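Here the structure is laid out as structure tokens; the discussion comes afterwards.
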Amino acid sequence: MFYLVGLGLFDEKDISLKGVEALRKVDKVYAEFFTSRLFGSNFEAIEDTIGKEIIVLDRTQVEEESVFLEEAKDMDVALITGGDPLIATTHSDFLVECARKGIDFEVIHGSSILSSAPAISGLQAYKFGKVTTIPFPDLEYNYFPKSPYMAIEENLKMDMHTLVLLDIQAHKDKYMTINEGLENLMTIKENLDYEGLIDEDSLAIGIARVGSKDNLVKAGYIRDLIDFDFGGPLHCIVIPSKLHIVEAEYLVEVAGAPKEILDDV
């Protein structure tokens with residue numbers, strides 16, 4: 001049996017009871033943390049929780065070698081990852097391989113930033129459009145990919161909110177901040193050959209450390225948030241579209257948005 005187990009958002013306490021039970025009974029536990037990781041925990045804490053040693057794999061070992069799938073033919077093997085295990089398409093491919101090779105599998109889900117960030121933003125989940133990610137720019141060539149800005153604009157045209165994920169380079173211990181993400185959007189805006197929909201006067205929501213006790217949700221105009229100290233990672237951004245009165249009240253009362261936004265709903 002092959003088990004694909006999501007660890008949730010922040011620390012070892014986010015693992016579901018179902019996940020803990022499965023990990024305690026398998027023969028081997030592998031982990032990959034290049035697509036996501038738990039900032040509030042470490043290997044030792046997770047190992048203490050499940051009572052087993054964790055074998056950490058790099059990207060090549062996961063995507064090209066997939067030794068855990070070969071072993072799952074003869075024993076119970078688990079692969080653990082932060083968040084929900086099927087958010088990364090790499091993990092979906094493992095289930096395809098299991099089906100082709102006749103290996104039984106079970107997926108144990110974990111909480112995901114794709115649901116938790118929109119929820120804690122106070123915005124209505126069904127009003128979110130396409131999710132986008134801001135990658136680190138290539139500063140050597142002064143290249144800032146425009147696709148995140150375009151995705152936000154397309155959502156705004158349809159009155160849809162946008163969840164903006166920020167680049168992670170875990171192997172370099174490098175995590176984009178909300179400030180860097182907003183700066184990148186403003187750099188893209190400055191280089192457009194038309195008048196863009198998102199500028200320093202646009203409303204944004206910065207969200208940091210979802211799932212932790214010191215999570216932070218701060219709403220305001222981009223010009224104000226761009227220098228705000230959001231603390232440590234992980235960060236993401238929400239760009240809201242037209243607000244319902246309940247959404248606006250949440251942003252003002254809970255997320256510290258300027259009260260004047262209530263005049264526009």
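Note that the coordinates shown come from a computational prediction; the quantities given were computed from them, not determined experimentally. Computed from heavy atoms alone, side chains included, the values below leave out hydrogens, waters and symmetry copies.
The pair Arg24-Glu21 does not meet the salt-bridge criterion, since no charged nitrogen lies less than 4.0 angstrom from a carboxylate oxygen. Note on Arg223 versus Asp201: salt bridge recorded, some NZ/NE/NH1/NH2 to OD/OE distance being below 4.0 Å. We find that Asp76 and Lys25 are not joined by a salt bridge, their nearest charged nitrogen and carboxylate oxygen being 4.0 Å or further apart. Salt-bridge annotation for Glu154 and Lys157: present, with a side-chain N of the basic residue lying under 4.0 Å from a carboxylate O of the acidic one.
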Please test Phe94 against Ser66 for side-chain contact (heavy atoms from CB on, under 4.5 Å), starting from the C-alpha separation and ending with a verdict.
-> CA-CA 8 Å; Phe94 299 150; Ser66 304; 3.8 Å; yes
Give the intermediate values and the outcome of side-chain contact (heavy atoms from CB on, under 4.5 Å) for residues Thr132 and Leu165.
-> CA-CA 6 Å; Thr132 190; Leu165 304 179; over 6 Å; no
Should Thr49 and Lys13 be marked as a side-chain contact (heavy atoms from CB on, under 4.5 Å) after you check the CA-CA gap, both sets of side-chain angles, and the distance that decides it?
-> CA-CA 8 Å; Thr49 299; Lys13 295 178 182 178; over 6 Å; no
Give the C-alpha distance, both sets of side-chain angles, the deciding distance and a yes or no for side-chain contact (heavy atoms from CB on, under 4.5 Å) between Cys236 and Val164.
-> CA-CA 6 Å; Cys236 65; Val164 183; over 6 Å; no
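Taking OG from Ser241 and CE from Met160, the interatomic distance works out to 8.5 Å, rounded to the nearest 0.5 Å. The CG atom of Leu243 lies 9.0 Å from the CG atom of Leu262; values are rounded to the nearest 0.5 Å. To the nearest 0.5 angstrom, Ile168 atom CD1 is 11.0 Å from Asp173 atom CG. Separating the CD1 atom in Ile222 from the CD1 atom in Ile178 is a distance of 12.0 Å, to the nearest 0.5 Å. The line from CG of Leu197 to CD1 of Ile239 is 11.5 Å long, rounded to the nearest 0.5 Å. Here the CD1 atom belonging to Ile108 is positioned 7.0 Å from the OH atom belonging to Tyr3, to the nearest 0.5 angstrom.
Neither side chain, Tyr175 nor Glu180, offers a donor N or O lying under 3.5 Å from an acceptor on the other. Using modelled atom types and a 3.5 Å distance limit, the side chains of Glu32 and His91 yield a donor-acceptor pair.
What you find for Cys98 and Leu69 is that their closest heavy atoms are SG-CD2, 3.7 Å. The two residues Asp229 and Leu216 come nearest to each other via the heavy atoms O-CD2, 4.3 Å. The two residues Ile87 and Ser112 make their nearest non-hydrogen contact at CG1-OG, 3.7 Å. Summarising the geometry of Glu70 relative to Lys101, their closest heavy-atom pair is OE2-NZ, 3.0 Å, with the distance given to 0.1 Å. Across Asp167 and Phe136, no two heavy atoms sit closer than the pair OD2-N, 2.9 Å. In plain terms, the two heavy atoms of Thr133 and Pro148 that are nearest each other are O-CG, 3.3 Å.
Inter-residue side-chain proximity for Thr162 and Val238 is flagged as unmet; no heavy-atom pair is nearer than 4.5 Å. Here the side chains of Val26 and Ile50 are not in contact, with every heavy-atom distance at 4.5 Å or above. With contacts defined as side-chain heavy-atom distances shorter than 4.5 Å, the pair His235/Met176 does not qualify. With contacts defined as side-chain heavy-atom distances shorter than 4.5 Å, the pair Asp27/Val77 does not qualify. Contact annotation: the side chain of Phe128 approaches that of Leu123 to within less than 4.5 Å [non-hydrogen atoms, C-beta and beyond]. In this structure, the side chains of Leu4 and Glu106 stay at 4.5 Å or more apart for every pair of heavy atoms. A 4.5 Å side-chain heavy-atom check between Asp263 and Ile261 finds every atom pair outside the cut-off. The side-chain heavy atoms of Ile46 and Val29, taken from C-beta on, include no pair separated by under 4.5 Å.
Within 6.0 Å of CD in Glu195 there are 12 or fewer heavy atoms belonging to other residues, nucleotides or ligands. Residue Lys259 qualifies as open at atom NZ: its count of foreign heavy atoms under 6.0 Å is 12 or below. The environment of Ile245 atom CD1 is dense: over 12 non-hydrogen atoms of other residues, nucleotides or ligands sit within 6.0 angstrom.
At least one donor-acceptor pair closer than 3.5 Å links the side chain of Asn215 to the backbone N or O of Ser212. Side-chain atoms of Glu247 come within 3.5 Å of backbone atoms of His244 as a donor-acceptor pair (strictly under, hydrogens ignored). The backbone N or O of Ile120 lies less than 3.5 Å from a partner atom in the side chain of Tyr250, making a donor-acceptor pair. Judged by distance alone, the side chain of Ser116 and the main-chain N or O of Ile113 form no donor-acceptor pair under 3.5 Å. With hydrogens and angles disregarded, a donor-acceptor distance shorter than 3.5 Å links the side chain of Glu47 to the backbone of Ile54. With hydrogens and angles disregarded, no donor-acceptor distance shorter than 3.5 Å links the side chain of Asp14 to the backbone of Leu7. Judged by distance alone, with hydrogens and angles left aside, the side-chain atoms of Arg209 form no donor-acceptor pair with the main-chain N or O of Leu234 at under 3.5 Å. The backbone N or O of Leu192 lies less than 3.5 Å from no partner atom in the side chain of Tyr149, so there is not a single donor-acceptor pair.
Aromatic rings of Phe230 and Phe228 (six-membered ring for Trp) have centroids within the 6.0 Å cut-off, being under it.
Stacking of Lys28 on the aromatic ring of Phe68 is not recorded, the 6.0 Å distance cut-off and the 45° axial limit not both being met.
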